[in-house]
Amino acid sequence: MTINNICCIGAGFVGGPTMAVIALHCPEIKITIVDSDKKKINTWNGNLDTLPVYEPGLSSIIEKVRNKNLFFSNDIPQAIDNAQIIFMAVNTPTKKSGKGAGMAADLTNIISCAKDIARFSKSDKIVIEKSTLPVRTAEKIKEILLKENKEVNFEIISNPEFLAEGTAINDLFKSDRVLIGGEDTKSGKIAVNQLIKIYSRWIPREKILTTNVWSSELSKLASNAMLAQRISSINSLSALCEKTGADIFELSKAIGMDKRIGPHFLNPSVGFGGSCFQKDILNLVYLSKFYGLDEVAEYWHQIVKINDYQKTRFAHKILKTLGKDLKSKTVGVLGWAFKKNTNDSRESASIYISKMLLEKGVKLKVFDPLVEKSKVLSDLKSLKAKNTENLIVSNTISQTLDQVDLVAIMTESEEYKNIKTEALVFDGRGIYFSSDYTIGKPK
Ligand code: NAD
Ligand code: UGA
């Protein structure tokens with residue numbers, strides 16, 4: 001069978017960029033991205049400067065492929081019916097209520113996708129788990145598909161995504177690996193091969209790794225947990241550096257030069273953010289507990305706890321430096337998204353730190369070149385932050401630096417590197433705990 005029609009359910013940070021890159025490399029395949037959020041689909045079909053996802057290089061790809069072989073549509077039934085391959089790239093946040101609340105992944109969106117696929121499919125489909133899912137979710141999906149539609153054959157493949165936001169296009173063009181987990185049956189192997197054929201259009205074959213379904217699902221959770229573990233390790237050591245006079249950057253360099261450890265992901269920070277690290281580790285903790293592995297659960301849980309500790313430590317250090325009369329103090333916050341080059345602020349450390357400062361009566365001026373003003377306020381609102389009337393969203397860096405007592409740099413954006421200010425600077429890239437660190441005139 002020649003693949004010429006793909007559907008992707010979920011037009012978010014994964015669905016948008018991954019399908020754009022497949023569309024670019026496979027011009028003969030028609031790809032339709034659908035989403036239950038109609039406004040989002042309209043925005044994807046709108047102005048290239050205001051696409052729902054900001055990623056360097058993305059809008060120029062969209063310009064090339066949109067309405068040629070990549071389509072954004074609200075017609076979910078039609079897109080499912082037409083497709084031979086269906087990617088599920090819907091969000092899988094931490095559960096807010098019910099069994100496993102605060103820990104387990106909420107699979108409502110995946111279940112609803114599976115039901116839609118079952119309901120609208122009139123021909124055989126290869127169904128791909130692109131979302132990050134708990135190990136053995138494919139079993140559950142299969143159950144739903146079989147129960148709801150006995151007429152067609154569904155082959156379920158795990159193909160987790162490893163892109164990082166801010167570098168998504170580059171990550172997709174030059175993936176370290178593409179992981180495909182399938183069943184060891186004749187039809188399973190055929191389905192895996194169809195996906196290999198697509199990726200091998202631009203990814204060297206030796207970088208496409210095939211495994212069983214459960215290994216693939218679990219590898220994704222484990223990869224994120226191990227990346228986050230490195231950050232929490234270096235952040236925990238930053239606290240020890242402060243006490244001992246060791247320098248966290250020197251430490252990071254010295255550790256990373258050991259080729260068994262490697263230099264990547266050892267940058268100290270105000271704490272990792274983003275929609276995935278915390279939720280995926282909590283999911284791993286939940287799964288470990290579910291299988292009765294309490295020690296394993298506790299080991300991974302510690303990474304999230306250190307991350308919370310680091311955020312709180314940063315906020316406390318700022319408060320301590322500001323001194324007693326906190327209501328008369330203003331802090332400039334540079335960076336609201338969880339890292340540079342993205343408009344995504346989900347779980348950004350900046351939100352939590354700002355909330356803690358606002359609660360103590362400190363006034364804030366916030367700047368982020370990619371995050372909309374309304375998003376800053378809605379992020380704080382969703383955390384039930386107090387005193388939000390004391391926050392101004394600035395339009396420029398210089399507005400943010402004007403008449404503030406302290407500047408907190410939250411992300412590693414280039415434009416924050418050479419700022420000129422007389423205020424005390426707490427630099428989230430690692431130097432922040434040195435209270436005599438200033439840019440411009442010392443205090
Ligand atoms: P997102 O919130 O940006 O996008 C998900 C989209 O799915 C939303 O637009 C939502 O409206 C839509 N949706 C949800 N349920 C739907 C349904 N039943 N029918 C149609 N549309 C539906 O999420 P994301 O960041 O793209 O993440 C998607 C998945 O990929 C998650 O499981 C995440 O863990 C994983 N992941 C994310 C990243 C990342 O960098 N964001 C990287 C790798 C993996
Ligand atoms: C991360 C992983 O890197 C991706 O491989 C994965 O696909 C994705 O999660 C996911 O599953 O969602 P992402 O969260 O987009 O990607 O971005 P990262 O570059 O990993 O950064 C995450 C957070 O860690 C950011 O807040 C960043 O500032 C912080 N970080 C990163 C550090 O504090 N120190 C570092 O050395 C690196």
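Because the structure is predicted, anything quoted here is derived from the model rather than measured. In each ligand, atom 1 is the first atom listed, and ligand 1 is the first ligand listed.
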Chemist: Under 4.0 Å, heavy atoms only, figure out whether ligand 2 is touched by the backbone of Lys220, its side chain, both or neither.
Modeler: side chain

Chemist: Before accepting this row, confirm whether a basic side-chain N of the pair Lys305/Asp308 lies closer than 4.0 Å to the acidic partner's carboxylate O.
Modeler: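 No, this pair does not count.
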
Chemist: Can you tell me if Asp368 uses its side chain to pair, donor with acceptor, with the backbone of Ala337 under 3.5 Å?
Modeler: yes

Chemist: Which ligand 2 atoms does Glu161 reach within 4.0 Å, using its non-hydrogen atoms?
Modeler: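 So the atoms of ligand 2 that pass are 7 (O).
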
Chemist: Would you say ligand 2 has an N or O under 3.5 Å from any N or O of Glu412?
Modeler: no

Chemist: For the residue pair Lys289 and Ala297, what are the closest heavy atoms and their distance?
Modeler: CG-CB, 3.5 Å

Chemist: Give a yes or no on whether the backbone of Leu179 and the side-chain of Asn159 come within a donor-acceptor separation of less than 3.5 Å.
Modeler: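 Yes, because the side chain of Asn159 sits within donor-acceptor range (under 3.5 Å) of the backbone of Leu179.
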
Chemist: Does even one non-hydrogen atom of Gly274 get within less than 4.0 Å of ligand 2?
Modeler: no

Chemist: What part of Ile234, side chain, backbone, both or neither, has a heavy atom within less than 4.0 angstrom of ligand 2?
Modeler: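 It is neither part, as no heavy atom is under 4.0 Å.
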
Chemist: Output, or 'none' if empty, a list of ligand 1-protein atom pairs in which both atoms are N or O and the distance is under 3.5 Å, rounded to 0.1 Å.
Modeler:
from: ligand 1; atom 1: 2 (O); to: Arg346; atom 2: NH1; distance (Å): 3.3
from: ligand 1; atom 1: 3 (O); to: Phe13; atom 2: N; distance (Å): 3.1
from: ligand 1; atom 1: 9 (O); to: Asp35; atom 2: OD1; distance (Å): 3.3
from: ligand 1; atom 1: 9 (O); to: Asp35; atom 2: OD2; distance (Å): 2.6
from: ligand 1; atom 1: 9 (O); to: Lys40; atom 2: NZ; distance (Å): 2.7
from: ligand 1; atom 1: 11 (O); to: Asp35; atom 2: OD1; distance (Å): 2.6
from: ligand 1; atom 1: 15 (N); to: Asn109; atom 2: OD1; distance (Å): 3.4
from: ligand 1; atom 1: 18 (N); to: Ser112; atom 2: OG; distance (Å): 2.9
from: ligand 1; atom 1: 21 (N); to: Ser36; atom 2: N; distance (Å): 3.1
from: ligand 1; atom 1: 21 (N); to: Ser36; atom 2: OG; distance (Å): 3.4
from: ligand 1; atom 1: 25 (O); to: Arg346; atom 2: NH2; distance (Å): 2.8
from: ligand 1; atom 1: 26 (O); to: Phe13; atom 2: N; distance (Å): 3.0
from: ligand 1; atom 1: 26 (O); to: Val14; atom 2: N; distance (Å): 2.9
from: ligand 1; atom 1: 32 (O); to: Thr92; atom 2: OG1; distance (Å): 2.6
from: ligand 1; atom 1: 32 (O); to: Thr132; atom 2: N; distance (Å): 2.9
from: ligand 1; atom 1: 34 (O); to: Thr132; atom 2: OG1; distance (Å): 3.3
from: ligand 1; atom 1: 34 (O); to: Lys279; atom 2: NZ; distance (Å): 2.6
from: ligand 1; atom 1: 40 (O); to: Glu165; atom 2: OE2; distance (Å): 3.2
from: ligand 1; atom 1: 41 (N); to: Glu165; atom 2: OE2; distance (Å): 2.7

Chemist: Could you tell me whether Glu155 and Lys142 have a side-chain N and a carboxylate O separated by less than 4.0 Å?
Modeler: no

Chemist: Can a donor-acceptor pair be found, under 3.5 Å and without considering hydrogens, that links the side chain of Thr400 to the backbone of Lys365?
Modeler: no

Chemist: Which residue and atom name correspond to the protein heavy atom nearest atom 20 (O) of ligand 2, and how close is it?
Modeler: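 It is Phe265 CZ, 3.1 Å.
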
Chemist: Decide whether an N or O pair under 3.5 Å exists between Lys339 and ligand 2.
Modeler: yes

Chemist: Is it true that atom CD of Glu151 has more than 12 heavy atoms of other residues, nucleotides or ligands lying nearer than 6.0 Å?
Modeler: no

Chemist: Check this for me: does any side-chain nitrogen of one of Lys355 and Glu359 sit under 4.0 Å from a carboxylate oxygen of the other?
Modeler: yes

Chemist: Assess the pair His25 and Phe173: is the distance between their ring centroids shorter than 6.0 Å?
Modeler: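 Between Phe173 and His25, which both carry aromatic rings, the centre distance is below 6.0 Å.
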
Chemist: Got an N/O contact under 3.5 Å between Leu163 and ligand 2?
Modeler: yes

Chemist: What protein heavy atom sits nearest atom 1 (C) of ligand 2, and how far away is it?
Modeler: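 For atom 1 (C) of ligand 2, the nearest protein heavy atom is Phe277 CE2, 3.5 Å.
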
Chemist: Compute the shortest N/O to N/O distance between Phe272 and ligand 2 and return yes if it is under 3.5 Å, no if not.
Modeler: no

Chemist: Please state whether the rings of Phe426 and Phe314 are parallel, tilted or perpendicular, taking 30° and 60° as the class boundaries.
Modeler: tilted

Chemist: Considering non-hydrogen atoms of the protein only, which is the closest contact for atom 34 (N) of ligand 2, and what is the distance?
Modeler: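 Checking every protein heavy atom, the shortest distance to atom 34 (N) of ligand 2 gives Asn267 O, 2.8 Å.
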
Chemist: Suppose I only count heavy atoms of Leu266 and a 4.0 Å limit; which atoms of ligand 2 are within that range?
Modeler: 36 (O)

Chemist: Answer yes or no: is there an ion pair linking Glu412 with Lys340, defined by an N-O contact shorter than 4.0 Å?
Modeler: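 Salt bridge flag = no for Lys340 with Glu412.
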
Chemist: Is there a polar contact between ligand 2 and Leu227, counting only N or O atoms under 3.5 Å apart?
Modeler: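 Checking ligand 2 against Leu227, no N or O pair falls under 3.5 Å apart.
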
Chemist: With only distance considered, is Ile231 within less than 3.5 Å of ligand 2 through an N or O on each side?
Modeler: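 For ligand 2, there is no N or O atom that lies under 3.5 Å from one belonging to Ile231.
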
Chemist: Give the residue, atom name and distance (to 0.1 Å) of the protein heavy atom nearest atom 12 (O) of ligand 2.
Modeler: Cys276 SG, 2.7 Å

Chemist: With atom 33 (O) of ligand 2 as the reference point, say which of Gly273, Ser269, Pro160, Ser223 has the nearest heavy atom.
Modeler: Ser269

Chemist: In plain terms, say whether Arg260 and Asp258 are close enough for a salt bridge, that is, a side-chain N and a carboxylate O under 4.0 Å apart.
Modeler: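 Looking at Arg260 and Asp258, the cut-off is met.
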
Chemist: Without swapping roles, check the side chain of Ser354 against the backbone of Ser350 for a donor-acceptor pair under 3.5 Å.
Modeler: yes

Chemist: Check each of Phe162, Phe338, Phe13 against atom 25 (C) of ligand 2 and report the one with the nearest heavy atom.
Modeler: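 Nearest heavy atom to atom 25 (C) of ligand 2 lies in Phe338.
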
Chemist: Anything under 30° is parallel, anything over 60° is perpendicular, the rest tilted; go ahead and classify Phe72 against Trp44.
Modeler: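 Rings of Phe72 and Trp44: parallel, under 30°.
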
Chemist: What protein heavy atom is closest to atom 15 (O) of ligand 2, reported as residue, atom name and distance in Å?
Modeler: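 For atom 15 (O) of ligand 2, the nearest protein heavy atom is Glu165 N, 2.7 Å.
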
Chemist: Looking at Phe162, does the NZ or CZ of Arg177 lie under 6.0 angstrom from its six-membered ring centre and within 45 degrees of the ring axis?
Modeler: yes

